[in-house]
Undergrad: 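Take this structure, written in structure tokens, and hold onto it; I'll ask about it next.
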Amino acid sequence: MSQIIDGKSLAAEIDAQTMVETEQLKQNGITPHLVVILVGEDGASQIYVRNKERRAQKLGIKSTVIKMDSDTTEKELLAKIHELNQDVDVNAILVQMPLPKQIDEFKVIMAIDPKKDADGFHPVNVGRLFENEIAQTPVACTPQGIMEMFKKYQISLDGKNAVVVGRSTIVGKPMAALLLNANATVTVVHSHTKDLEEITKKADILVVATGIAHFIKADQVKDGAVVIDVGMDRDENGKLTGDVDFEKVQEKASFITPVPKGVGPMTISMLMKQTIDLTRWSV
């Protein structure tokens with residue numbers, strides 16, 4: 001039976017440290033300020049933004065949510081981002097995705113000042129990540145949180161065979177880069193991969209981010225593997241579940257993250273930590 005990686009308690013530890021660092025900045029007359037832009041009425045996005053705002057307020061971080069109508073033009077959104085880039089009181093900017101179809105998401109990411117890029121999605125920051133030049137560089141929050149899990153549970157990555165299932169810019173690609181930087185041998189598999197099962201069965205470290213409930217079954221996992229489930233899915237009963245068949249896979253894995261209380265809580269905690277980092281780096 002595998003050891004459960006408790007993301008909820010680790011996130012609480014990170015939040016406690018973030019709160020201390022926030023207070024230290026405030027004592028020096030600096031209040032970290034995160035601005036989140038929400039365009040449109042997407043229900044899931046509204047929940048995510050509300051959760052981010054609550055966490056920021058709890059940790060003493062100034063949080064501003066700018067709500068823009070669903071018919072907002074690309075030009076209007078870019079103008080707002082430019083305004084925030086110039087505002088010396090704003091330390092971190094996040095534009096909640098997805099955006100309405102009339103707005104090019106890549107143009108929006110490109111518009112954010114890389115030094116205020118709370119999500120770590122700007123190509124300058126992604127390039128620095130792949131060059132392993134991540135000192136004073138924001139990195140995508142979910143993969144960053146997973147690296148904290150490895151550190152907390154003393155899971156060695158050096159020389160390990162790591163497989164990342166999924167190639168998104170939010171999880172898959174930055175996760176692969178972080179694992180490479182930690183000296184793992186990395187394979188990225190996706191919907192076009194042939195014999196995917198043969199590859200996942202050889203993974204010492206398996207990170208799954210597909211958005212498909214129970215995509216990875218026990219017979220696709222190596223005995224003793226470390227399994228990180230990034231999925232946030234709903235099963236046929238509407239219950240929150242992951243991309244991994246947890247009940248069966250936990251019998252084979254050495255470590256595994258549950259859903260919920262695994263990777264999920266880490267993402268917002270890393271966003272808050274990154275807001276503090278961006279603030280410190282700008283001083």
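Excluded from the calculations below are hydrogen atoms, water molecules and symmetry mates; all remaining heavy atoms, backbone and side chain alike, are included.
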Undergrad: Decide, yes or no, whether a salt bridge links Arg280 with Glu21 under the criterion of side-chain N to carboxylate O below 4.0 Å.
TA: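 A salt bridge is present here (some side-chain N lies under 4.0 Å from a carboxylate O).
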Undergrad: If you define the side chain from C-beta out and look only at heavy atoms, does anything of Arg55 sit under 4.5 Å from Ser63?
TA: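 With C-beta onward as the side chain, the pair stays apart.
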Undergrad: I need the full list of side chain to side chain donor-acceptor pair (under 3.5 Å) pairs touching residues 38-48, with sequence neighbours left out, sorted by first then second residue.
TA: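 Side chain to side chain donor-acceptor pair (under 3.5 Å) check on residues 38-48 returns Glu41-Gln46, Asp42-Ser45.
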Undergrad: Check whether the side chains of Glu13 and Gln17 place a donor and an acceptor atom closer than 3.5 Å, and report yes or no.
TA: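 Distance-only check fails for Glu13 and Gln17.
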Undergrad: Using side-chain heavy atoms (C-beta onward) and a distance below 4.5 Å, is Met272 in contact with Leu34?
TA: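 A side-chain contact exists here, since the closest heavy-atom pair is under 4.5 Å.
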Undergrad: Among side-chain atoms of Ser254 and Ser2, is any donor-acceptor pair under 3.5 angstrom?
TA: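 Looking only at side-chain atoms, Ser2 and Ser254 do not form any donor-acceptor pair under 3.5 Å.
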Undergrad: Just one of Asp87, Asn91, Thr64 clears the side chain to side chain donor-acceptor pair (under 3.5 Å) bar with His33, so which one?
TA: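 Looking at Asp87, Asn91, Thr64, the match for His33 under the side chain to side chain donor-acceptor pair (under 3.5 Å) is Thr64.
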Undergrad: With sequence neighbours excluded, what pairs up with Thr72 under the side chain to side chain donor-acceptor pair (under 3.5 Å) test?
TA: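 For Thr72, no residue satisfies side chain to side chain donor-acceptor pair (under 3.5 Å) once neighbours in sequence are set aside.
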Undergrad: Enumerate donor-acceptor pairs with a distance under 3.5 Å from any side-chain N or O in residues 22-32 to protein atoms, sequence neighbours excluded.
TA:
unit_1 : atom_1 : unit_2 : atom_2 : d
Thr22  : OG1    : Thr18  : O      : 2.8
Lys26  : NZ     : Gly60  : O      : 2.8
Asn28  : ND2    : Gln24  : O      : 3.2

Undergrad: Check side-chain contact (heavy atoms from CB on, under 4.5 Å) between Lys217 and all other residues, then give those that pass, not counting sequence neighbours.
TA: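 Lys217 satisfies side-chain contact (heavy atoms from CB on, under 4.5 Å) with His214, Asp219, Gln220, Asp245 once adjacent residues are dropped.
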Undergrad: Do the non-hydrogen side-chain atoms of Asn125 and Phe121 ever get within less than 4.5 Å of each other?
TA: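 No, every pair of side-chain atoms sits at 4.5 Å or beyond.
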Undergrad: Side chains of Tyr153 and Gln3, heavy atoms from C-beta outward: is any pair under 4.5 Å?
TA: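 Yes; the side chains approach each other to less than 4.5 Å.
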Undergrad: For Thr241 and Asp233, test the side chains for any donor-to-acceptor distance below 3.5 angstrom and give the result as yes or no.
TA: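 Short answer, no.
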Undergrad: Mind listing the closest non-hydrogen atom pair of Ala182 and Met147 along with its distance?
TA: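 Heavy atoms only, the tightest pair is CB-CE, 4.1 Å.
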Undergrad: Looking at residues at least two apart in the chain, or sitting in another chain, which of them share a salt bridge (Lys or Arg N to Asp or Glu O under 4.0 Å) with Glu198?
TA: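 Testing Glu198 for salt bridge (Lys or Arg N to Asp or Glu O under 4.0 Å), a comparison that skips the adjacent residues, returns Lys201.
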Undergrad: Among residues at least two apart in sequence or on other chains, which ones pass side-chain contact (heavy atoms from CB on, under 4.5 Å) with Ala135?
TA: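 With neighbours one apart ignored, the set is empty.
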Undergrad: Begin from the C-alpha positions of Arg50 and Glu53 and carry the test salt bridge (charged side-chain N to carboxylate O under 4.0 Å, His left out) through to its verdict.
TA: CA-CA 5 Å; Arg50 190 160 61 246; Glu53 185 177 26; over 6 Å; no
Undergrad: Quick one: hydrophobic cluster around Val165, which other residues, with the 4.5 Å side-chain cut-off, linked directly or via members?
TA: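 Listed partners: Ile4, Val163, Val189, Leu196, Ile199, Leu206, Val208, Ile212, Phe215, Ile216, Val221, Val227, Val244, Phe246, Val249, Ile256.
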Undergrad: Please collect all side chain to side chain donor-acceptor pair (under 3.5 Å) contacts where either partner lies in residues 163-192, sequence neighbours excluded, each pair once.
TA: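 Of all non-adjacent pairs touching residues 163-192, those that pass side chain to side chain donor-acceptor pair (under 3.5 Å) are Asn132-Asn181.
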Undergrad: Do Leu271 and Leu129 land in one hydrophobic cluster if side-chain heavy atoms of ILVMFWY residues count as linked below 4.5 Å?
TA: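 Leu271 and Leu129: separate clusters.
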Undergrad: Among Met97, Glu74, Met110, find the residue that satisfies the side-chain contact (heavy atoms from CB on, under 4.5 Å) test when tested with Glu105.
TA: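 When Met97, Glu74, Met110 are each tested with Glu105, the side-chain contact (heavy atoms from CB on, under 4.5 Å) holds only for Met97.
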Undergrad: Asp6: which residues meet the salt bridge (Lys or Arg N to Asp or Glu O under 4.0 Å) condition with it, sequence neighbours left out?
TA: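 By the salt bridge (Lys or Arg N to Asp or Glu O under 4.0 Å) rule, Asp6 matches no residue at all.
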Undergrad: Gln102: which residues meet the side-chain contact (heavy atoms from CB on, under 4.5 Å) condition with it, sequence neighbours left out?
TA: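 By the side-chain contact (heavy atoms from CB on, under 4.5 Å) rule, Gln102 matches Pro100.
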Undergrad: Show which residues join Leu240 in its hydrophobic cluster (side-chain heavy-atom contacts under 4.5 Å, direct or indirect), or state none.
TA: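 When side chains under 4.5 Å apart are linked, the cluster holding Leu240 also contains Met232, Val259.
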Undergrad: Please list, chain by chain and in numerical order, all residues satisfying salt bridge (Lys or Arg N to Asp or Glu O under 4.0 Å) with Lys248, sequence neighbours excluded.
TA: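 Listed in chain order: nothing, the list is empty.
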Undergrad: Under 3.5 Å, is there a donor on one side chain and an acceptor on the other for Asp229 and Thr257?
TA: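 Looking only at side-chain atoms, Thr257 and Asp229 do not form any donor-acceptor pair under 3.5 Å.
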